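Written below as structure tokens is the structure these notes are about.
The structure presented is a predicted model; accordingly, all values stated were derived computationally and were not measured.
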Amino acid sequence: MAAGNWSAVTEFVLMSFSSLPTEIQTLLFLTFLAIYLVTLLGNSLIILVTLADPMLQSPMYFFLRNLSFIELGFNLVIVPKMLGTLIAQDTSISFLGCAIQMYFFFFFGVAECFLLATMAYDRYVAICSPLHYPVIMNQGTRAKLAAASWFPGFPVATVQTTWLFSFPFCANNKVNHFFCDSPPVLRLVCADTARFEVYAIVGTILVVMIPCLLILCSYTRIAASILKIPSAKGKHKAFSTCSSHLLVVSLFYVSLSLTYFRPKSNNSPESKKLLSLSYTVLTPLLNPIIYSLRNNEVKNALSRTFHKALTLRNFIL
């Protein structure tokens with residue numbers, strides 16, 4: 001029975017924003033294209049600058065570079081197909097293509113959750129144990145922490161994607177979303193999905209709540225340490241090293257929680273699409289901007305990089 005139904009659906013149709021007028025879709029295409037290009041440029045610059053500049057070789061920028069890799073992955077997995085559905089009306093996506101898109105969406109999403117927790121721990125060590133920071137966060141430790149952040153994405157993405165796409169799909173192949181997310185694809189299954197839904201809910205709660213609790217514990221300790229600093233200048237300096245990360249965490253977790261933890265009765269497909277845009281499109285755009293504008297070291301490094309590039313260009317010409 002399962003094998004017969006597998007052959008019934010060979011591709012899916014992404015409804016995306018098809019309910020909107022053509023003029024609005026064209027405007028959305030231009031807007032998302034601009035955001036996409038700026039996101040690619042911004043995150044690529046963060047990666048290049050943190051690799052090349054000798055002043056940005058601390059663990060904080062090592063983890064920031066990893067975050068930029070994740071944001072690039074998010075964009076490359078979701079946005080190009082979304083742009084195609086808006087401008088070329090190419091709404092079809094193959095069965096395998098849908099599974100691959102979902103797999104990497106889960107992989108990068110889980111990796112980002114745990115990496116944000118790792119970055120919070122890095123800030124905790126830097127503020128609460130500044131004298132031991134270079135020893136604790138040595139090259140070996142930060143490489144292990146980065147690997148531990150990336151690894152959970154593999155089992156979560158593999159189990160959830162493989163399990164979901166092993167279900168039989170019926171004649172209806174219209175996914176009411178702009179990418180292959182689990183809830184809209186699950187609605188097309190013609191089988192009992194109760195066990196999978198329990199697994200998905202428990203898995204999502206664990207993936208979101210464990211890093212969230214680690215972040216909360218880290219910042220509770222950080223706040224206690226900052227309050228003990230006697231000078232206002234010292235408090236401001238300590239808090240400024242965490243402010244960018246706190247802002248990124250807030251943007252990511254608020255939009256993620258509103259998308260996946262709201263009651264179904266209040267979660268219309270259109271509102272979910274808008275919320276999904278916040279962490280798949282807007283957050284990857286804002287992260288490099290936040291870290292660039294709120295971090296003098298990054299701004300100075302970008303300035304030095306551009307100056308070197310202009311000097312080299314003038315020398316060659």
Side-chain angles (χ1 to χ4, degrees), residues 39 42-44 46-51 56-78 102-129 133-161 202-222 241-257 260 279-280 283-284 286-288 290-291 295 298:
T39 300
N43 283 288
S44 297
I46 291 290
I47 292 169
L48 292 173
V49 168
T50 55
L51 279 172
L56 300 183
Q57 300 307 308
S58 69
M60 181 174 76
Y61 298 110
F62 170 76
F63 294 126
L64 177 57
R65 184 162 64 247
N66 276 264
L67 181 62
S68 289
F69 272 115
I70 290 174
E71 303 298 23
L72 285 175
F74 250 134
N75 259 248
L76 292 172
V77 166
I78 293 171
M102 185 182 294
Y103 178 90
F104 283 105
F105 167 71
F106 284 135
F107 170 71
F108 288 119
V110 173
E112 181 157 357
C113 286
F114 282 93
L115 184 63
L116 289 174
T118 299
M119 293 173 78
Y121 174 72
D122 171 70
R123 292 299 82 210
Y124 157 71
V125 177
I127 292 173
C128 299
S129 303
Y133 180 69
V135 177
I136 296 173
M137 299 301 291
N138 56 55
Q139 277 193 319
T141 301
R142 62 192 184 191
K144 290 175 183 176
L145 287 171
S149 300
W150 284 87
F151 176 75
F154 287 107
V156 172
T158 301
V159 172
Q160 185 141 334
T161 306
V202 172
T204 302
I205 291 173
L206 290 175
V207 164
V208 173
M209 293 308 298
I210 290 175
C212 198
L213 288 173
L214 292 173
I215 292 170
L216 185 61
C217 289
S218 295
Y219 276 106
T220 300
R221 299 291 299 273
I222 288 171
T241 65
C242 304
S243 58
S244 297
H245 180 255
L246 271 173
L247 189 53
V248 169
V249 167
S250 301
L251 287 170
F252 183 76
Y253 275 101
V254 168
S255 58
L256 200 66
S257 299
Y260 291 101
Y279 64 84
T280 57
T283 301
L286 293 174
N287 283 357
I290 290 169
Y291 275 102
N295 189 307
V298 175

Check residues 65-74 and write down every donor-acceptor pair under 3.5 Å in which the side-chain atom is one partner and the other belongs to a residue at least two apart or another chain.
residue: Arg65; atom: NH1; partner: Thr50; partner atom: O; Å: 3.1
residue: Arg65; atom: NH1; partner: Thr50; partner atom: OG1; Å: 3.3
residue: Asn66; atom: OD1; partner: Trp150; partner atom: NE1; Å: 2.8
residue: Asn66; atom: ND2; partner: Phe62; partner atom: O; Å: 2.9
residue: Ser68; atom: OG; partner: Asn43; partner atom: OD1; Å: 3.3
residue: Ser68; atom: OG; partner: Leu64; partner atom: O; Å: 3.4
residue: Glu71; atom: OE2; partner: Asn287; partner atom: ND2; Å: 2.2

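Taken to the nearest 0.5 Å, the OG atom of Ser129 stands 11.5 Å off from the CE atom of Met137. Atom CG of Leu246 and atom CG of Leu116 lie 10.5 Å apart (nearest 0.5 Å). Between Thr39 atom OG1 and Leu286 atom CG the span is 8.0 Å, to the nearest 0.5 Å. Put simply, CZ on Phe154 and CZ on Phe106 are 15.5 Å apart, with the number rounded to the nearest 0.5 Å. Summarising the geometry, atom CG belonging to Leu216 is positioned 8.5 Å from atom CE belonging to Met209; distances are rounded to the nearest 0.5 Å. Separation of atoms CG (Leu206) and SG (Cys113) is listed at 11.5 Å; rounding is to 0.5 Å.
For the residue pair Leu145 and Thr118, the shortest heavy atom distance occurs at CB-CG2, 3.7 Å. For Tyr253 against Pro211, the heavy-atom pair with the smallest separation is OH-CB, 3.2 Å. Summarising the geometry of Asn138 relative to Thr141, their closest heavy-atom pair is OD1-N, 2.8 Å, with the distance given to 0.1 Å. Scanning both residues, Cys242 and Ile127, for their nearest heavy atoms gives SG-CD1, 3.2 Å. Scanning both residues, Arg142 and Gln57, for their nearest heavy atoms gives NH1-O, 3.3 Å. The shortest heavy-atom contact between Val207 and Phe114 is O-CE1, 4.4 Å.
Looking at Leu251 and Val248, their side chains never come closer than 4.5 Å, going by heavy atoms from C-beta outward. A 4.5 Å side-chain heavy-atom check between Val49 and Tyr61 finds every atom pair outside the cut-off. The closest side-chain heavy-atom distance from Leu214 to Tyr121 is not below 4.5 Å. The shortest side-chain heavy-atom distance between Asp122 and Tyr133 falls under the 4.5 Å cut-off.
Under the side chain to side chain donor-acceptor pair (under 3.5 Å) criterion, the residue pairs touching residues 210-219 are Tyr219-His245, with sequence neighbours excluded.
Using cut-offs of 30° and 60° on the angle between ring planes, the pair Phe107 and Phe104 is perpendicular.
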